[in-house]
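If you're wondering where the values come from, they're calculated on a predicted model, not measured in any experiment. One-based numbering, in listed order, for ligands and for the atoms of each.
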Amino acid sequence: MSRNKRATKLKVLGIAGSPRRNGNTDRLLKRVMAGASSHGAETKTVVISELNISPCRHCDGCIKTGKCVIDDDMQWLHADLREADRVVLASPIFFMGVTAQTKAMIDRCQALWVIKYVLKLPVAINPDKERSGVFVSVGGRRLHNLFEPAIATVKSWFTTLDIAYVGQLVFSGIDDGGSIDLHPTALKDAFSFGQKLTAGNIPK
Ligand SMILES: Cc1cc2nc3c(=O)[nH]c(=O)nc-3n(C[C@H](O)[C@H](O)[C@H](O)COP(=O)(O)O)c2cc1C
């Protein structure tokens, strides 16, 4: 009985993409994950800046096998990404895109792109399960299109992973480390965003 219960728990993978530890996106991500956990999800957060992830070399070493030839932390992160039911990618905006750390991780999913589009095999470990993901971000400036290029990148990445992009939680005008705490609703919003993500009804 309890084993069955464990087996049905939603697996939520949080990815912290900022090089600034305990910064604004880290704080938001923690609340999103707390919200997911409060709904009974099994949560795991990885901090990309603490991992060893080289950029993709476009060596095509994965083209026949779908396995990246670079032996670093991306090997186990591929497995986590293929297994997750929900993915929460948190990255601040750096020069209108995601951080270099985040982009290196995304580019290394080229091996999963090969699995899907070249080998025509399922990317998800459980292809019958519905998978979805969201983007959490902040930027220092207040621009109407601040998050659009990063969202396009995240959508393209999720498509490769067979993850439905179901929304974003983004805040502009947040620059100093930890200043998200001064926002009137952001941390509360993040908690309920995590709850909604596990209930499956995040608005686009
Ligand atoms: C290299 C670099 C590039 C940045 N580029 C932008 C940018 O293009 N637009 C913007 O609004 N903020 C930009 N920022 C500001 C960050 O998005 C902002 O400080 C954010 O709060 C950092 O989030 P974090 O605390 O989670 O790291 C940049 C910051 C750095 C260090």
Quick check on side chain to side chain contact (heavy atoms under 4.5 Å, CB included): which of I53, N52, L51 does M74 satisfy it with? I53

Looking only at distances, please establish whether an N/O atom of ligand 1 is found under 3.5 Å from an N/O atom of D175. yes

Going by the atom numbers of ligand 1, which of them fall below 4.0 Å from some non-hydrogen atom of S18? 24 (P), 26 (O), 27 (O)

Is there a path of hydrophobic side-chain contacts, each under 4.5 Å between heavy atoms of I, L, V, M, F, W or Y residues, that connects V47 with I106? no

If you measure from the Lys or Arg side-chain nitrogens to the Asp or Glu carboxylate oxygens, is any gap between K9 and D85 under 4.0 Å? no

Provide, to 0.1 Å, the distance between atom 23 (O) of ligand 1 and the closest protein heavy atom, together with that atom's residue and name. P92 CB, 3.2 Å

Considering all heavy atoms of both residues, which atom of V138 and which atom of F147 are nearest to each other, and what is their separation? C-CE2, 3.8 Å

May I ask you to check if ligand 1 and F95 share an N or O to N or O distance below 3.5 Å? yes

Around atom 12 (N) of ligand 1, find the nearest protein heavy atom and jot down its residue, atom name and distance. G140 N, 3.1 Å

Verify, without hydrogens or angle tests, whether E148 (side chain) and M96 (backbone) share a donor-acceptor contact under 3.5 angstrom. no

Counting heavy atoms only, which of L28, L146, N22, I93 comes nearest to atom 14 (N) of ligand 1? I93

Just checking, is any N or O donor in the side chain of T159 or S156 under 3.5 Å from an acceptor N or O on the other one? no

Nearest-contact summary for atom 11 (O) of ligand 1 - protein heavy atom, Å: R141 N, 2.8 Å

Which residue and heavy atom of the protein sit nearest atom 26 (O) of ligand 1, plus the separation: T25 OG1, 2.6 Å

Electrostatic pair K44-D80, nearest N-O below 4.0 angstrom: yes

Residue, atom name and distance, where the atom is the protein heavy atom closest to atom 21 (O) of ligand 1: I174 O, 2.7 Å

Counting each atom of ligand 1 from 1 as listed, which ones have a heavy atom of V138 under 4.0 Å away? 17 (O), 20 (C), 21 (O), 23 (O)

